[in-house]
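Below is one structure; the comments refer to it alone.
When a ligand or atom number is given, it counts from 1 through the structure's own listing order. Predicted model only: the values in this text are computed from it and were never measured.
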Amino acid sequence: MWTLARDCGLDLNSSYAYLIYAADFSATCRVALLGDEPVGYVLGYRPPERPSHLFVWQVGVSSRARGHGVAARMIHDLLDSLDEVEVLEATVEESNDASRALFASIAAARGGDLAWTDGVLSTDFPDEHPGEPRLEITGMRAR
Ligand SMILES: CC(C)(COP(=O)(O)OP(=O)(O)OC[C@H]1O[C@@H](n2cnc3c(N)ncnc32)[C@H](O)[C@@H]1OP(=O)(O)O)[C@@H](O)C(=O)NCCC(=O)NCCS
């Protein structure tokens, strides 16, 4: 996950943070393999105060595996396996068309409603990080 995050240009957490997630949050994370090679990952968790929500923190697919449904498949697999999850949350930068299309596709496939709020403002970050508008998909049905 750390290697994919780095290669995808995502915010890079420490390598130890990904190991902690792999150990303690594996039910809400996924790694996609092409043969033996990891080509995608989803880093997610259920916020303790909103246990029926799944927050997708990061999703990344290696450039050579994009456009083949890998990201959507990982997120659908999470939703299929987490019966208690009713709402999907994520934040996506305004400029990230691929990620916005991904979540719109998840909402459409499950007949859900996708709504946006301000999320994390650029002024909330201590560095030059752009704002992260927050999306919520409600009313999802099983596929
Ligand atoms: C965003 C990302 C994870 C999508 O992965 P992917 O495996 O290529 O996505 P999928 O093939 O599952 O596509 C899912 C949907 O998004 C659409 N989509 C994916 N990439 C797109 C793009 N560049 N432009 C427009 N639509 C796109 C697909 O058409 C599909 O929609 P559909 O079901 O209506 O056909 C990938 O582009 C990536 O890793 N980007 C860099 C990292 C990043 O920005 N991650 C998100 C922020 S945390």
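- The shortest heavy-atom distance from L10 to ligand 1 is under 4.0 Å.
- At least one protein heavy atom sits closer than 4.0 Å to atom 21 (C) of ligand 1.
- Not a single N or O atom of Q58, backbone or side chain, sits closer than 3.5 Å to an N or O atom of ligand 1.
- Here's the thing with G60: none of its N/O atoms is less than 3.5 angstrom from an N/O atom of ligand 1.
- In this structure, atom 43 (C) of ligand 1 is in close contact with the protein, since a protein heavy atom lies within 4.0 Å of it.
- Interface atoms of ligand 1 facing G67, defined by a heavy-atom separation under 4.0 Å, are 6 (P), 8 (O), 11 (O).
- Atom 17 (C) of ligand 1 has as its closest protein heavy atom A101 CB, 3.7 Å.
- Using the six-membered ring where Trp is involved, Y45 and F55 have ring planes that are tilted, between 30° and 60° apart.
- Close contacts of ligand 1 with L102, meaning ligand atoms under 4.0 Å from a residue heavy atom, involve 14 (C), 15 (C), 16 (O).
- Contact annotation for E93 and ligand 1: no heavy atom of the residue comes within less than 4.0 Å of the ligand.
- The N/O atoms of W57, backbone and side chain alike, include none that comes under 3.5 Å of an N/O atom in ligand 1.
- With a 4.0 Å cut-off on non-hydrogen atoms, N96 touches ligand 1 through its side chain and not its backbone.
- One N or O on the side chain of R66 and one on the backbone of V61 form a donor-acceptor pair closer than 3.5 Å.
- Between A65 and ligand 1, a contact under 3.5 Å exists for no N or O pair.
- Near A71, with a cut-off below 4.0 Å to any heavy atom, the atoms of ligand 1 are 3 (C), 4 (C), 5 (O), 6 (P), 7 (O), 9 (O), 12 (O).
- Counting only heavy atoms of the protein, atom 39 (O) of ligand 1 lies nearest to V61 N, 2.8 Å.
- Remark: minimum distance from atom 37 (O) of ligand 1 to any protein heavy atom is reached at R66 CD, 3.4 Å.
- Within a 4.0 Å radius of atom 32 (P) of ligand 1, the protein contributes one or more non-hydrogen atoms.
- Close approach of ligand 1 to H68 (heavy-atom distance below 4.0 Å) involves ligand atoms 11 (O).
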